[in-house]
Amino acid sequence: MQDKVFNELADLALKGSGQSIPKSKAYLIEARLAPIARREGFGTMEDLVHCVKSRANPAFISEIAATLVSKDTRFFRERETLQRVLTDVLPERLKATNTGRLKIWFAGGSTGQEAYSLAILLEDELPPALRGAKIEILSTDICKVTTENARMGRYGHYDVQKGLSIHRLTKHFNRLETGQWEASEALRSHISFRQHNLLESAAGLGKFDVMICRNVLPGMARSARVRVVESLASQLVPGGLVLLGHGEGLIGLTNKLEPARDFRGAWVAAGTANAAASAA
């Protein structure tokens with residue numbers, strides 16, 4: 001790929017999704033945009049860039065930026081964290097609210113496997129303390145196609161092999177004639193899916209008790225990470241938690257959140273670490 005073409009597409013990704021793609025990963029751009037190039041009849045990435053610059057179609061530009069975001073996910077990724085959310089965090093959050101309602105947001109949830117994993121735990125291992133609670137799960141992603149696929153809950157054999165046991169696969173998914181596996185209606189009823197760009201305001205999504213944003217921030221430019229983190233912090237209910245992936249941190253990005261004590265990867269509103277630790 002020519003440097004000029006790479007720079008145009010990398011800049012588009014940065015502006016549209018906050019992603020910072022180094023030149024060493026130019027191959028990812030070609031791989032992720034190949035389906036769009038084929039669909040539109042472009043022979044090269046240079047043709048695609050020429051079209052973007054000549055048409056100035058905002059919807060098409062947004063689609064390209066969304067397509068360049070990584071979709072890497074799997075069922076029960078970092079299972080220990082999900083288990084702790086179920087058994088410790090949510091019961092404590094339920095005690096702290098008088099509404100009987102809990103809201104969880106998978107920010108940058110990709111094709112939905114992690115949201116479905118929590119829904120499976122709610123079906124199979126619901127703690128007595130959560131019985132009767134209204135638990136709402138929202139999963140958002142920047143990509144429209146990815147969001148629609150997540151809503152359908154259909155996965156290929158390779159996808160379900162990553163993290164799902166045979167027992168849970170046959171219990172919560174139905175085999176289709178196409179060979180795909182479809183999440184049961186009961187499982188899908190636990191989750192709402194919505195297209196959302198994390199660079200935009202999340203005010204319309206509401207406030208959340210738990211936000212899970214894993215393996216999303218590392219691929220972003222620092223300015224984009226700051227913007228996203230500030231947005232997450234503004235949608236956190238008092239006493240709520242923001243959960244990141246292993247090895248991820250927010251030091252130097254915001255003064256609104258601080259690490260929760262005794263819960264690695266969890267962040268709470270600044271000044272409330274002690275309360276979060278007792279809740280976890």
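Between Leu94 and Ala129 the shortest heavy-atom distance is CD2-O, 3.2 Å. Looking at every heavy atom in both residues, Gly219 comes nearest to Gln19 through O-OE1, 3.3 Å. When all heavy atoms are compared, the tightest approach of Val268 to Gly240 is CG1-O, 3.8 Å. Closest of all the heavy-atom pairs between His246 and Glu78 is N-OE2, 3.3 Å. A pairwise comparison of heavy atoms in Ala10 and Ile29 identifies N-CD1, 4.4 Å as the closest pair.
In summary, Arg188 and Glu185 do not engage in a salt bridge, as defined by a charged side-chain N under 4.0 Å from a carboxylate O. Using a 4.0 Å cut-off between a side-chain N of Lys or Arg and a carboxylate O of Asp or Glu, Lys171 and Glu123 do not qualify as a salt bridge.
Pairs of residues two or more places apart, or lying in two chains, that qualify as salt bridge (charged side-chain N to carboxylate O under 4.0 Å, His left out) and include a residue from residues 246-257 are Glu230-Lys256. Residue pairs meeting the ring-ring contact (aromatic ring centres under 6.0 Å, His included) criterion with at least one partner in residues 15-37, sequence neighbours excluded, do not occur; the list is empty. Within the structure, every pair that satisfies the side chain to side chain donor-acceptor pair (under 3.5 Å) test and touches residues 31-40, not counting sequence neighbours, is listed here: Arg39-Glu63. For the ring-ring contact (aromatic ring centres under 6.0 Å, His included) condition, no pair includes a residue of residues 41-65, sequence neighbours left out.
Counting non-hydrogen atoms of other residues, nucleotides and ligands closer than 6.0 Å to CZ of Arg175 gives a total above 12. Within a 6.0 Å sphere centred on NZ of Lys23, heavy atoms belonging to other residues, nucleotides or ligands number more than 12.
Because its NZ or CZ atom is not both nearer than 6.0 Å to the ring centre of Phe75 and within 45° of the ring axis, Lys162 does not count as a cation-pi partner of that residue.
A distance of 9.0 Å separates OG in Ser192 from NZ in Lys103, rounded to the nearest 0.5 Å. Interatomic distance, Arg101 CZ to Asp209 CG, rounded to the nearest 0.5 Å: 9.5 Å. Considering OG1 of Thr67 and CG of Leu12, their distance stands at 10.0 Å, rounded to 0.5 Å. From Ser117, atom OG reaches atom CG of Leu122 across 11.0 Å, with rounding to the nearest 0.5 Å. Atom OG1 of residue Thr147 and atom CE of residue Met152 lie 11.0 Å apart, to the nearest 0.5 angstrom. The distance from the CZ atom of Arg131 to the CG atom of Leu126 is 6.5 Å, given to the nearest 0.5 Å.
Every residue was checked against the side-chain hydrogen bond (donor to acceptor under 3.5 Å, both in side chains) condition with Arg151, not counting sequence neighbours, and none meets it. Judged as a side-chain hydrogen bond (donor to acceptor under 3.5 Å, both in side chains), and not counting sequence neighbours, the contacts of Thr99 are Thr97. Residues meeting the side-chain contact (heavy atoms from CB on, under 4.5 Å) test with Asp11, sequence neighbours left out: Lys15. Thr178 meets the side-chain contact (heavy atoms from CB on, under 4.5 Å) test with Leu176, Gln180; sequence neighbours excluded. Take Thr146 and apply the side-chain contact (heavy atoms from CB on, under 4.5 Å) test, not counting sequence neighbours, and it matches Lys71, Ser110, Thr111, Asp141, Cys143. Partners of Ser139 according to the side-chain hydrogen bond (donor to acceptor under 3.5 Å, both in side chains) rule, which considers only residues two or more places apart in sequence or in another chain, do not exist here.
Its side chain within the 4.5 Å cluster rule, Leu257 clusters with Trp105, Leu138, Leu198, Leu199, Leu205, Phe208, Met211, Val216, Leu217, Met220, Val226, Val228, Val229, Leu232, Leu236, Val242, Leu244, Leu250, Ile251, Leu253, Trp267 among the Ile, Leu, Val, Met, Phe, Trp and Tyr residues. The hydrophobic cluster around Val145 extends to none of the other residues, as no ILVMFWY side-chain heavy atom falls under 4.5 Å of it.
If you chain together hydrophobic residues whose side chains sit under 4.5 Å apart, Leu33 and Phe6 fall into the same group. Tracing side-chain contacts under 4.5 Å through hydrophobic residues (I, L, V, M, F, W, Y), one reaches Val210 starting from Leu130; they form part of the same cluster. A single hydrophobic cluster is seen to contain both Leu82 and Phe173, as judged by linkage of ILVMFWY side chains at heavy-atom distances under 4.5 Å, directly or through other members. Under a hydrophobic clustering in which Ile, Leu, Val, Met, Phe, Trp and Tyr are joined whenever their side-chain heavy atoms come within less than 4.5 Å, directly or via other members, Ile21 and Val52 fall into the same cluster. Hydrophobic clustering, with ILVMFWY side chains joined whenever heavy atoms are under 4.5 angstrom apart, keeps Ile191 apart from Ile142.
Judged purely by distance below 3.5 Å, without hydrogens or angles, the side chains of His157 and Gln161 pair a donor atom with an acceptor atom. In this model, a donor atom of one side chain and an acceptor atom of the other lie less than 3.5 Å apart for Gln83 and Glu125. With hydrogens and angles left out, the side-chain atoms of Thr73 and Glu114 include a donor and acceptor closer than 3.5 Å.
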Report the C-alpha separation of Asn215 and Asp72 in whole Å, then their side-chain angles, then the decisive distance to 0.1 Å, and conclude whether the side chain to side chain contact (heavy atoms under 4.5 Å, CB included) test is met.
CA-CA 8 Å; Asn215 304 293; Asp72 181 35; over 6 Å; no
